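The structure under discussion appears below in the form of structure tokens.
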Amino acid sequence: MKLRINPMKANPEAYQTMLKLESFVHESGLDPKLVGLIKIRASQINGRAFCLDMHVNEQRKKGESEQKMHHLSVWRESPLFTEAEKAVLALTEAATLIAGRGVPDDVYEEVRRHFDEKDFVSLMMAIVAINGWNRLVISSGMYPGCADS
């Protein structure tokens, strides 16, 4: 694998802008473990090993179980996720694959059963942030370990 470009070095101002979005999500009041599930699931869908590796390691540090992280790709069938987490994962999938059919009403309504309007927007910002990071990583050719040197 070859790194095309290091976006953090090539355009530090753009990188700082992404970090501001990440900071908003971090300060939004959302459960950090829930945000981590969003990051892992979107990264799985987008096929980004760099982001997946990073976010799985972050979840471990937050105390998330290995079993739950292993079940994330099959969350619909797993008893390990709460109804609220399942609603957020459905939203994550719909928003990540938004060109397919948008965010269906039933997905929106299920999320709103568990979260108020403000939290819904914060959840969407978390989904937007990870999808933005995934696209930056995809375009630049980043892979696990490439930023270590």
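This structure is a prediction, so every number in the text was calculated from the model and none was measured. Count residues from 1 along the sequence.
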ask   = For Glu110 and His114, what are the C-alpha separation, side-chain angles and deciding distance, and is it a side chain to side chain donor-acceptor pair (under 3.5 Å)?
value = CA-CA 7 Å; Glu110 183 61 18; His114 303 281; 3.1 Å; yes
So CG of Leu136 and CE of Met18: to nearest 0.5 Å the spacing works out to 6.5 Å
Output for pair (Ile40 CD1, Ile45 CD1), nearest 0.5 Å, gives 12.0 Å
The reported gap from NZ in Lys39 to CG in Asn134 (rounded to nearest 0.5 angstrom) is 10.5 Å
Practice task
Indicate whether the side chain of Glu13 and that of Thr17 have a donor and an acceptor atom separated by less than 3.5 Å.
Solution key: no
Side-chain (Asn46) to main-chain (Ala42) donor-acceptor, under 3.5 angstrom:
yes
message = If we ignore hydrogens and angles and just use 3.5 Å, is the side chain of Ser78 paired with the main-chain N or O of Trp75 as donor and acceptor?
response = no
**Item:** Note: Glu85-Lys68 ion pair, threshold 4.0 Å (strictly below)
**Value:** yes
Next on the checklist: So for atom CG, which belongs to Asn57, do other residues, nucleotides or ligands contribute more than 12 heavy atoms lying within a distance under 6.0 Å?
Outcome noted: yes
Whether Arg76 and Glu93 form a salt bridge (side-chain N of Lys/Arg under 4.0 Å from carboxylate O of Asp/Glu) is what I want to check.
yes
Rounding to 0.5 Å, atoms CG (Leu72) and CZ (Phe81) come to a distance of 5.0 Å
message: Check this for me, if you would: do Glu66 and Arg60 make a salt bridge, where the nitrogen-to-carboxylate-oxygen distance has to be below 4.0 angstrom?
response: yes
So does Glu109 pair up with Arg112, basic N to acidic O under 4.0 Å? no
Taken to the nearest 0.5 Å, the spacing of Ile130 CD1 from Met125 CE works out to 13.5 Å
So NZ of Lys62 and CG of Asp31: to nearest 0.5 Å the spacing works out to 8.5 Å
